[in-house]
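Notes for the one structure printed next.
Read the numbers this way: they start at 1 and go in the same order the structure lists the ligands and their atoms.
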Amino acid sequence: MRVLAVSSRHVAFRATSSAGHPFESPSLELQEPTRGAVEAAAAHLRTGEIVAFPTETVYGLGADARSSTAVAKIYAAKNRPSDNPLILHVASLTYLRQLCPELPDVYRVLIDRFWPGPLTILLPLDRVRSGISDLCTKSQSTFAVRMPEHPLALALLHTADMALAAPSANASTRPSPTTAAHVVHDLEGRIDMVLDGGACTVGVESTVVDGLHDPPLVLRPGGVTVEALRACGGPWADVQVYRPDVATAAEVPRTPGMKYKHYSPSHTKVVLVEHNAEHLPSKQLARSLGLDGERMAVARASGWHDLRDMENGGDFTVRELGKTSKEVASNIFSVLRELDGIVDIVFVEGVSEAGEGLAVMNRLRKAATVVLARGGHVA
Ligand code: TXA
Ligand code: MG
């Protein structure tokens with residue numbers, strides 16, 4: 001696999017018009033050596049191949065969204081379930097209008113506030129006119145799209161002059177990748193090229209919203225918080241968080257990706273202790289949960305800071321997730337990956353669901369073998 005070092009310092013993205021959205025039709029200037037790497041990646045994409053690249057959320061595995069041959073390679077490389085649709089990425093609103101000529105008014109305020117950024121919207125799909133591969137959208141009547149904020153993602157989209165379908169660049173079921181090394185670890189031998197632009201800042205995937213539904217729904221919590229969506233007013237003041245766990249079994253999941261095993265270390269079991277639950281990590285607790293293994297770690301946020309003074313505290317490998325939910329979001333996947341195989345069990349300190357915490361807890365619940373809630377409840 002070719003790992004090409006690139007830097008955001010070599011990318012200048014400029015608005016071309018002073019009126020309207022700055023990313024209506026921006027222009028790009030690239031300096032070497034980033035320029036050569038981005039051009040090589042774009043050329044690879046044009047031949048129907050796939051390339052991993054950094055975004056502000058997680059690393060993505062990109063393919064020309066209009067080429068079924070190319071998109072099929074994403075599913076194969078990741079071993080991704082074939083009914084799980086993909087998010088498209090664009091670098092300008094002008095490009096987006098090629099896929100959807102009339103952007104629904106409900107999204108105007110979101111596009112103005114959050115693009116480029118970690119927000120994915122669902123748009124009506126015209127399969128024939130848009131040319132989007134059916135492999136991106138599966139059985140949906142919509143397609144999912146976002147404009148990423150990372151300069152290297154924008155530079156690649158702009159240079160390749162295409163919409164890229166791009167899920168996270170991890171092997172399916174594993175924690176999402178937030179560095180190029182994570183991508184190499186999972187996909188070595190399965191893909192040819194990764195652009196290495198350093199660590200992702202947001203650390204969890206984009207928020208997926210359906211503004212075509214009344215009331216609007218958050219289908220996947222992510223980098224843009226529900227509070228920030230509500231603050232947009234209008235129909236967004238009433239946005240609801242869709243919870244597949246409360247849907248009836250007969251109901252088709254609205255966002256198919258959320259029903260699968262996800263985000264889990266391969267060899268280490270995750271015990272999630274919810275925010276404000278009274279449980280503290282201990283070997284006895286692990287045994288009482290029926291979990292085998294001697295090597296244990298604690299991944300802590302701000303609540304377990306004096307863990308060293310606790311019973312058995314010294315028996316654990318300790319990792320810091322960060323003090324705020326935002327910090328926890330940016331660290332959570334790399335901490336889970338780092339501990340994978342080094343310990344048998346990791347106790348993770350849950351955070352409040354306010355702000356970025358909602359996305360963090362959504363990912364941790366999926367990664368966990370056991371969830372310990374307040375009042376001794378085990379989920
Ligand atoms: O932050 C991100 O969004 C990352 C980076 C690489 O940009 N990408 C990402 O893509 O997470 P992916 O393909 O792994 O996430 C797709 C999610 C899944 O939960 C999928 O079910 C949902 O979006 N999705 C895609 N198209 C949909 C559609 N038409 N309707 C409902 N959900 C859709
Ligand atoms: Mg993913």
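Side chain to side chain, Thr55 and Thr57 meet the donor-acceptor criterion of an N or O pair below 3.5 Å. For the residue pair Lys78 and Asn170, a side-chain donor N or O sits within less than 3.5 Å of a side-chain acceptor on the partner. Residues Arg35 and Thr159 have side chains that never bring a donor and an acceptor to within less than 3.5 angstrom of each other.
Every N/O-N/O distance between Thr120 and ligand 1 stays at or above 3.5 Å. For Arg220, a nitrogen or oxygen atom sits less than 3.5 Å from a nitrogen or oxygen atom of ligand 1, counting backbone and side chain alike. Remark: ligand 1 and His89 share an N or O pair separated by less than 3.5 Å (distance only, no angle test).
Contacts with ligand 1 closer than 4.0 Å are made by no heavy atom of Lys78, backbone or side chain. At a heavy-atom cutoff of 4.0 Å, ligand 1 is contacted by no atom of Leu125, backbone or side chain. When heavy-atom distances to ligand 1 are checked against a 4.0 Å cut-off, Gln140 comes that close only through its side chain, counted from C-beta outward. Residue Thr137 does not touch ligand 1, judged by heavy-atom distances below 4.0 Å. Contacts with ligand 1 closer than 4.0 Å are made by heavy atoms of both the backbone and the side chain of Ile87.
Counting non-hydrogen atoms of neighbouring residues, nucleotides and ligands closer than 6.0 angstrom, the NZ atom of Lys73 exceeds 12 such neighbours.
Checked against the 6.0 Å centroid threshold, His158 and Phe13 count as a close aromatic pair.
Within ligand 1, the atoms closer than 4.0 Å to a non-hydrogen atom of Asn84 are 18 (C), 20 (C), 21 (O), numbered from 1 in the order shown. Below 4.0 Å from some heavy atom of Ser206 lie the following atoms of ligand 1, by number and element: 1 (O), 2 (C), 3 (O). Near Thr142, meaning under 4.0 Å from one of its heavy atoms, ligand 1 places the atoms 28 (C), 29 (N), 30 (N). For ligand 1, the atoms lying closer than 4.0 Å to a non-hydrogen atom of Leu122 are 28 (C), 30 (N), 31 (C). Ligand-side atoms of ligand 1 in range of Arg80: 12 (P), 13 (O), 14 (O), 16 (C), range being under 4.0 angstrom from any heavy atom. If you number the atoms of ligand 1 from 1 as listed, the ones under 4.0 Å from a heavy atom of Ala144 come out as 25 (C), 26 (N), 27 (C).
Of all the heavy atoms in Phe143 and Pro124, the pair that sits closest is CE2-O, 3.6 Å. Closest approach of Ala286 to Met296, counting heavy atoms only: CB-CE, 3.5 Å. Minimum heavy-atom separation, Pro148 to Ala153: CG-CB, 3.8 Å.
Under a 4.0 angstrom heavy-atom cut-off, Pro118 registers as lying outside contact with ligand 1. Residue His150 places no heavy atom under 4.0 Å from ligand 1. Residue Ala166 places a heavy atom less than 4.0 Å from ligand 1.
Within the 2.8 Å limit, Ser176 places no N, O or S atom next to the Mg ion (ligand 2).
Of the candidates Ala153, Pro85, Cys136, Ser141, it is Pro85 that places a heavy atom closest to atom 25 (C) of ligand 1.
Side-chain contact between Tyr59 and Pro54: present, with at least one pair of heavy atoms (C-beta onward) separated by less than 4.5 Å.
Put simply, the side chain of Asp344 gets close to the backbone of Glu294: a donor and an acceptor are under 3.5 Å apart. For Lys138 (side chain) and Ser82 (main-chain N/O), a donor-acceptor pair under 3.5 Å exists by modelled atom type.
Atoms CZ and CG, from Arg374 and Leu372 in turn, are 13.0 Å apart once rounded to the nearest 0.5 Å.
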